[in-house]
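Data block below; observations after.
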Protein chains: 2
Amino acid sequence: MTARTPDSARDIPEATVARLPVYLRALTGLAEDGTTTCSSEELAASAGVNSAKLRKDLSYLGSYGTRGVGYDVEYLRYQIAREIGVTQDWPVVIVGIGNLGHALANYSGFRSRGFRVVALLDADPDRHTDVVAGLEVRSFEDLETIVAEHDVSIGVIATPAVAAQSVADRMVASGITSILNFAPTVLTAPEGVDVRKVDLSIELQILAYHEQRKAGAIETEVLS
Amino acid sequence: MTARTPDSARDIPEATVARLPVYLRALTGLAEDGTTTCSSEELAASAGVNSAKLRKDLSYLGSYGTRGVGYDVEYLRYQIAREIGVTQDWPVVIVGIGNLGHALANYSGFRSRGFRVVALLDADPDRHTDVVAGLEVRSFEDLETIVAEHDVSIGVIATPAVAAQSVADRMVASGITSILNFAPTVLTAPEGVDVRKVDLSIELQILAYHEQRKAGAIETEVLS
DNA sequence: CTTTGTGAATCAGTTCACAGCA
DNA sequence: TGCTGTGAACTGATTCACAAAG
């Protein structure tokens, strides 16, 4: 056993991991503006966080700044990209090519950030003639073949809620170990398989909650 | 001043607020299955959380359960819906009718959860002839009129990143106080305006980070 | 006897404030 | 002198474990 855990084996807090992509995007923006160096204050402003949090977050990756100066934009950008793992190319399959699946297939932000959509699958044979984002929509039955062929470890679910769990089960069986779920349902997956969800209507409901309280506060003000 | 803050003025932790929509969905599912009563254990399982957390969350709303028995599904569902504010109808405008805007306009989960899309706006005149989800795509210039006419307080941004901040500014100026941002950029808004973001590629990047570490762990195992 | 509702304990995340280095 | 990197203090969220209620 070495005294220090080597390389990228340090454990980074979940909250920090969730912000690294934001910093990466901010740094890309600064680089495009021709900025070569930035302080924690400037980068924090572009990323929409406070500078103490930014510095603490970066400290989990290592000491990539220079005291009295700041950070080299390009160097830091590379270090964060490497830490996240987006310097390599991740093949991805999307299952469920309805409105949302369409939008995801065409989303350029995946391609530009190290993700390559290798296949679009749908259970409905009527969709198998479609070509979306330059890819033919294929049968869900082809999942195993595609996963094996392209060594896919990340799957995206954009099916209706009722189909989502069975799609997830089949993904796991075929060897996928990370799932991004857009279907409005809770998925269960075995230990070792990561599931993240994006729920469009939940975010709106959270806004509605706060909006309702604003209205309440105004009423209270008027009454007082 | 009363000793106890009245009605819904109690303050509920942010983490709890974010889970209430999940409980609401789980309860709707149970109700559809014909379940009339459930324990915290059962509801927690449907929502994908542990039962202690569920009970603590519900305790912020009030005492809606019966000791020794559990919760009445329909009654609890209504109480949570009321607390979130989705018993009323929230008019919403969507700006940016590209692939994602299309998908959002057609998303049935909004309608069924108390949100009514009253207008689709786009800056591109070529899109103004389109009809999406039964609504004509209108000019972004109509924003103020529509917000005033329908008393809109929630706006959804699905434009490219470069346009997002100016759309947000214009929304705020027109009276919108809650914004859901799908554009991959950090928005700034004045005090009193809530902004939430949904970033499709950030979620994938978080999965990639964990996926990369799994691969690393396997390598370490092989070496040891 | 079962299951809720909740103080107390624990754990994670954020902010503060300043020592240490360029 | 200026800005990073980080212990220490603080704040918020989660989990535990049990008293209170039906």
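Basis for what follows: all heavy atoms, side chains included, without hydrogens, waters or symmetry-related copies. Letters A, B, ... are given to chains in the order of the sequence lines, protein chains preceding strands, and every chain is numbered from 1.
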Whole angstrom value for the distance that separates [atom2] of [N] from [atom1] of [X]:
| X | N | atom1 | atom2 | result |
| --- | --- | --- | --- | --- |
| A/L54 | C/dT15 | CG | C1' | 14 Å |
| A/D11 | C/dG13 | CG | P | 10 Å |
| A/I12 | D/dT6 | CD1 | P | 13 Å |
| B/L43 | C/dT3 | CG | C1' | 14 Å |
| A/L76 | D/dT4 | CG | P | 11 Å |
| B/E41 | C/dT4 | CD | P | 8 Å |
| A/Y60 | D/dG5 | OH | P | 14 Å |
| B/D72 | C/dT3 | CG | P | 16 Å |

Residue pairs meeting salt bridge (charged side-chain N to carboxylate O under 4.0 Å, His left out), one or both in residues 35-59 of chain B, sequence neighbours left out, come to B/R19-B/D57

Identify all side-chain donor-acceptor contacts of residues 164-175 of chain A below 3.5 Å with residues at least two apart in sequence or on another chain.
{"from": "A/Q165", "atom 1": "OE1", "to": "A/T188", "atom 2": "N", "distance (Å)": "3.0"}
{"from": "A/Q165", "atom 1": "NE2", "to": "A/D169", "atom 2": "OD1", "distance (Å)": "2.8"}
{"from": "A/Q165", "atom 1": "NE2", "to": "A/T188", "atom 2": "O", "distance (Å)": "2.9"}
{"from": "A/S166", "atom 1": "OG", "to": "A/A163", "atom 2": "O", "distance (Å)": "3.1"}
{"from": "A/R170", "atom 1": "NE", "to": "A/E144", "atom 2": "OE2", "distance (Å)": "2.7"}
{"from": "A/R170", "atom 1": "NH2", "to": "A/E141", "atom 2": "OE1", "distance (Å)": "3.1"}
{"from": "A/R170", "atom 1": "NH2", "to": "A/E144", "atom 2": "OE1", "distance (Å)": "3.4"}
{"from": "A/S174", "atom 1": "OG", "to": "A/M171", "atom 2": "O", "distance (Å)": "2.8"}

Can you find a side chain N or O atom of A/S40 that sits less than 4.0 Å from OP1 or OP2 on D/dT4?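 For A/S40, the contact criterion (side-chain N or O under 4.0 Å from OP1 or OP2 of D/dT4) is met.
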
Ignoring backbone atoms, test whether A/Y71 places a side-chain nitrogen or oxygen under 4.0 Å from the OP1 or OP2 oxygen of D/dG5.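 For A/Y71, the contact criterion (side-chain N or O under 4.0 Å from OP1 or OP2 of D/dG5) is met.
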
Could you list, one pair per line, each protein nitrogen or oxygen that sits under 3.5 Å from a nitrogen or oxygen of nucleotides 9-12 of chain D, together with the distance?
none

Just to verify, what does B/E211 make a side-chain contact (heavy atoms from CB on, under 4.5 Å) with, not counting sequence neighbours? A/W90, A/S153, A/T177, A/S178, B/K214

Test side-chain contact (heavy atoms from CB on, under 4.5 Å) applied to A/A18 - qualifying residues, sequence neighbours left out: B/I206

Let me check something: any side-chain donor-acceptor pairs from residues 102-118 of chain A under 3.5 Å, sequence neighbours excluded? List them with distances.
{"from": "A/H102", "atom 1": "ND1", "to": "A/G98", "atom 2": "O", "distance (Å)": "3.4"}
{"from": "A/N106", "atom 1": "ND2", "to": "A/H102", "atom 2": "O", "distance (Å)": "3.0"}
{"from": "A/S112", "atom 1": "OG", "to": "A/S108", "atom 2": "O", "distance (Å)": "3.4"}
{"from": "A/S112", "atom 1": "OG", "to": "A/G109", "atom 2": "O", "distance (Å)": "3.4"}
{"from": "A/R113", "atom 1": "NE", "to": "A/G109", "atom 2": "O", "distance (Å)": "3.4"}
{"from": "A/R116", "atom 1": "NE", "to": "A/D89", "atom 2": "OD2", "distance (Å)": "2.6"}
{"from": "A/R116", "atom 1": "NH2", "to": "A/D89", "atom 2": "OD2", "distance (Å)": "3.0"}

Using a cut-off of strictly less than 4.0 Å between a heavy atom of the residue and any atom of DNA chain D, enumerate the qualifying residues of residues 15-36 of chain B by number.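 Residues of residues 15-36 of chain B under 4.0 Å from DNA chain D: B/A15, B/R19.
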
What does nucleotides 16-22 of chain D look like as a protein-contact string, B for base, S for sugar-phosphate only, - for none, at under 4.0 angstrom between heavy atoms? -B-BBBS

Sequence neighbours excluded, the answer for side-chain hydrogen bond (donor to acceptor under 3.5 Å, both in side chains) partners of B/Q79 is B/Y64, B/R82

side-chain hydrogen bond (donor to acceptor under 3.5 Å, both in side chains) with A/E14: which residues, sequence neighbours excluded? B/H210

B/R196: partners by salt bridge (charged side-chain N to carboxylate O under 4.0 Å, His left out), with sequence neighbours left out: A/E203

A/E74: partners by salt bridge (charged side-chain N to carboxylate O under 4.0 Å, His left out), with sequence neighbours left out: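 Testing A/E74 for salt bridge (charged side-chain N to carboxylate O under 4.0 Å, His left out), a comparison that skips the adjacent residues, returns A/R77.
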
Looking only at heavy atoms, which two atoms of A/V156 and A/V92 are closest? And how far apart?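 Closest heavy-atom pair between A/V156 and A/V92: CG2-CG1, 3.8 Å.
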
CG on B/L20 to OH on A/Y209, rounded to 0.5 Å: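 Atom-to-atom, A/Y209:OH and B/L20:CG are 8.0 Å apart.
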
